[in-house]
Amino acid sequence: MLPKEYRTITDLAGPLLVVKKTKKVRYDELVEIELSTGETRRGRVLEISSDQALVQVFEGTDGIDIDNTKIRFLGKVLMLPVARDMLGRIFNGRGEPMDGGAPVISEKRVDINGMPMNPYSRDFPSEFIQTGISTIDGMNPMVRGQKLPIFSGSGLPHNRMAAQVARQASVISGHEDFAVVFAAMGITFEEASFFMEDFRRTGAIQRTVMFVNLADDPAIERITTPRLALTAAEYLAFEHDMHVVVILTDLTNYCEALREISAARKEVPGRRGYPGYLYTDLATMYERAGRLKGKKGSITQIPILTMPEDDKTHPIPDLTGYITEGQIILSRALHRKGIYPPVDVMPSLSRLKDKGIGKGKTREDHADLMNQLFAAYARGKEAKELAVILGEGALTEDDKAFAGFADKFEDTYVRQGEYENRTVEETLEMGWNLLTMIPVRELKRVRDAYIEKYLKPRLEQEEEQTEPELVASS
């Protein structure tokens with residue numbers, strides 16, 4: 001049976017149009033719009049009342065002639081054709097191939113509006129994911145099934161960091177089926193080219209599915225892009241038992257599109273003009289990450305968002321922080337020093353960090369070392385601030401040691417090459433090397449057994465190297 005045609009458009013507002021005298025129209029139903037020129041556009045039903053429907057047009061309403069445009073309600077929701085062959089492919093924000101390849105021969109078609117995981121069916125995240133970045137692996141470890149966002153600012157290298165995580169992320173437990181689903185929303189053509197070329201050049205594209213919505217694409221597509229990515233991730237994780245990392249950048253562009261549609265619908269605005277349901281909308285995406293009981297696969301999310309004016313209290317990072325299990329915050333001060341990646345260790349947090357580290361997962365000393373490095377860096381920063389106010393002469397010898405540690409920590413531990421992939425063992429060894437700068441009596445967060453095993457051999461080696469130098473100088 002062919003879908004019924006309507007010619008009863010009564011109003012246009014931004015990406016929305018109103019159709020009157022409709023019958024048996026359903027919420028979220030797909031719509032086909034045929035213009036007088038013969039051009040066909042797609043949309044979906046956002047709202048329905050007794051005899052009218054509010055339709056969101058994916059390509060926008062520019063050029064639509066109200067009197068000569070036909071509307072057809074297709075009786076189905078937006079579906080994504082999925083297959084394992086999606087790996088290595090690049091799609092646009094509508095799920096259509098944009099890499100010049102043939103359309104995917106689908107194994108099935110899936111509704112993109114998946115449901116958040118039932119809390120009862122969830123399995124607790126407990127398996128360490130190695131990103132190859134010391135400030136994450138060493139200080140804020142990420143575990144399989146976690147949601148760990150990156151809070152950045154305009155002009156900071158979050159895109160380079162996202163590409164690095166996509167290239168390097170792996171599960172060190174030896175599970176070989178690992179995939180990355182990468183969704184970019186509202187990015188420039190230059191940024192899109194960077195991601196595509198980088199993944200192709202490094203070979204990461206072979207295990208990656210990319211969805212790209214450009215800045216000049218319809219804003220409405222930004223609403224569907226992350227949902228397409230999560231649908232593909234769910235299929236790979238729970239149908240093919242893969243460990244999938246989903247990287248979503250930039251969530252701020254997604255929220256701006258949401259605000260634009262909300263304003264067009266004349267909804268009552270919430271904080272800073274964003275819709276009151278922003279928290280709920282973000283939660284419907286974030287909560288699609290995790291592990292399911294009885295399933296081998298998992299979905300780990302790394303949403304990336306730029307904080308307007310570097311404001312952590314802005315609604316987007318603020319609400320994201322409530323839903324997710326921590327955050328990695330990038331520092332403009334470190335970026336000015338030329339340090340990459342400019343991860344600010346102090347306010348960053350992984351709430352599940354203790355669940356994925358330790359004996360049998362990373363190494364027995366990981367938790368103690370992480371706590372000691374954090375405490376030493378915090379005291380070093382404090383000592384440096386004190387020196388600015390009182391002068392270096394007011395510092396004790398211990399204060400000077402901690403201040404030197406803070407500088408060395410930033411310069412060697414935080415600073416890392418864009419293509420430098422450090423194993424977790426290398427990160428831990430680097431941490432112990434740094435602790436040699438601090439008097440042993442001040443190492444109060446590391447067990448004596450670990451000091452004997454990991455630190456004392458380094459101190460003895462330093463003494464042996466120092467003695468010949470003293471003899472030579474005398």
Side-chain angles (χ1 to χ4, degrees), residues 14-15 93 116 135-136 140 142 146-162 165 183-188 191 213-215 217 219-227 229-230 246-289 301-336 339 341-351:
T135 43
I136 298 177
N140 294 285
M142 182 170 65
Q146 186 177 3
K147 305 174 287 290
L148 187 62
I150 295 175
F151 290 0
S152 182
S154 179
L156 295 181
H158 47 271
N159 284 338
R160 289 162 56 197
M161 194 170 169
V165 171
M185 293 154 281
I187 64 172
T188 64
E191 290 171 321
N213 167 260
L214 298 175
D217 286 337
I220 212 71
E221 281 185 19
R222 269 158 234 162
I223 306 300
T224 59
T225 303
R227 289 176 170 81
L230 288 165
V246 180
I247 299 174
L248 306 172
T249 181
D250 179 345
L251 255 299
T252 300
N253 293 334
Y254 169 86
C255 294
E256 295 290 347
L258 206 63
R259 179 165 65 175
E260 182 180 325
I261 294 164
S262 175
R265 293 172 69 176
K266 297 182 174 61
E267 294 174 334
V268 177
R271 289 168 60 192
R272 303 210 189 182
Y274 292 95
Y277 52 80
L278 179 63
Y279 178 91
T280 308
D281 192 275
L282 289 173
T284 59
M285 293 193 301
Y286 293 147
E287 293 300 336
R288 290 172 72 173
Q301 263 190 39
I302 306 178
I304 297 171
L305 53 95
T306 51
M307 301 177 289
E309 299 174 358
D310 295 357
D311 181 11
K312 287 185 288 188
T313 65
H314 187 276
I316 304 170
D318 188 32
L319 297 178
T320 294
Y322 281 117
I323 305 166
T324 55
E325 293 110 11
Q327 66 278 330
I328 303 295
I329 297 181
L330 302 192
S331 161
R332 199 169 291 280
L334 289 175
H335 182 59
R336 287 195 193 103
I339 292 175
V343 174
D344 194 347
V345 172
M346 299 298 292
S348 295
L349 169 70
S350 171
R351 294 192 179 98

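When reading the values below, keep in mind they use all heavy atoms of this one structure, side chains included, and skip hydrogens, waters and symmetry mates.
- For residues 268-277, the pairs satisfying salt bridge (Lys or Arg N to Asp or Glu O under 4.0 Å) are R271-D318, R272-D311, with sequence neighbours left out.
- The shortest heavy-atom contact between P347 and K312 is CB-NZ, 4.2 Å.
- In plain terms, the two heavy atoms of L305 and P317 that are nearest each other are CD1-CB, 3.8 Å.
- Here salt bridge (Lys or Arg N to Asp or Glu O under 4.0 Å) pairs that include residues 321-330, with residues two or more places apart or in two chains, are K147-E325.
- In this structure, E287 CD and T324 OG1 are separated by 9.5 Å, a value rounded to the nearest 0.5 Å.
- Side-chain atoms of R332 come within 3.5 Å of backbone atoms of S154 as a donor-acceptor pair (strictly under, hydrogens ignored).
- Judged purely by distance below 3.5 Å, without hydrogens or angles, the side chains of T320 and Y286 pair a donor atom with an acceptor atom.
- With a 4.5 Å cut-off on side-chain heavy atoms, V246 and P226 do not count as touching.
- For the pair S348 (side chain) and I329 (backbone), a donor-acceptor distance under 3.5 Å is present.
- The aromatic ring centres of H314 and F151 sit 6.0 Å or more apart.
- Remark: side-chain polar atoms of D310 are not paired, donor with acceptor, to backbone N or O of G153 under 3.5 angstrom.
- The two residues T225 and A184 have their closest heavy-atom pair at CG2-O, 4.0 Å.
- For the pair A162 and I247, the tightest heavy-atom approach, listed with the atom from each and the gap, is O-CD1, 3.6 Å.
- I323 and A283 make their closest contact through CD1-N, 3.8 Å (heavy atoms, listed as atom of the first residue, atom of the second, distance).
- With contacts defined as side-chain heavy-atom distances shorter than 4.5 Å, the pair Q327/L349 qualifies.
- For R160 (side chain) and P341 (main-chain N/O), no donor-acceptor pair under 3.5 Å exists by modelled atom type.
- Atom CG of L330 is separated from atom CD1 of I339 by 12.5 Å, given to the nearest 0.5 angstrom.
- Taking each heavy atom of V343 and L334 in turn, the nearest pair found is O-CD1, 3.3 Å.
- Contact annotation: the side chain of S152 never approaches that of M161 to less than 4.5 Å [non-hydrogen atoms, C-beta and beyond].
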- Message: Between D281 and R227, is the salt bridge (charged side-chain N to carboxylate O under 4.0 Å, His left out) condition met? List the steps.
- Response: CA-CA 11 Å; D281 192 275; R227 289 176 170 81; 3.5 Å; yes
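- The number of heavy atoms from other shown groups lying within 6.0 Å of OH (Y322) does not exceed 12.
- Checked by atom type and distance alone, the side chain of T188 never pairs as donor or acceptor with a backbone atom of A215 at under 3.5 Å.
- Looking only at distances, no side-chain donor or acceptor of S262 sits under 3.5 Å from a matching main-chain atom of L258.
- R222 and N213 are linked by a side-chain donor-acceptor pair at a separation below 3.5 angstrom, with hydrogens and angles left out of the test.
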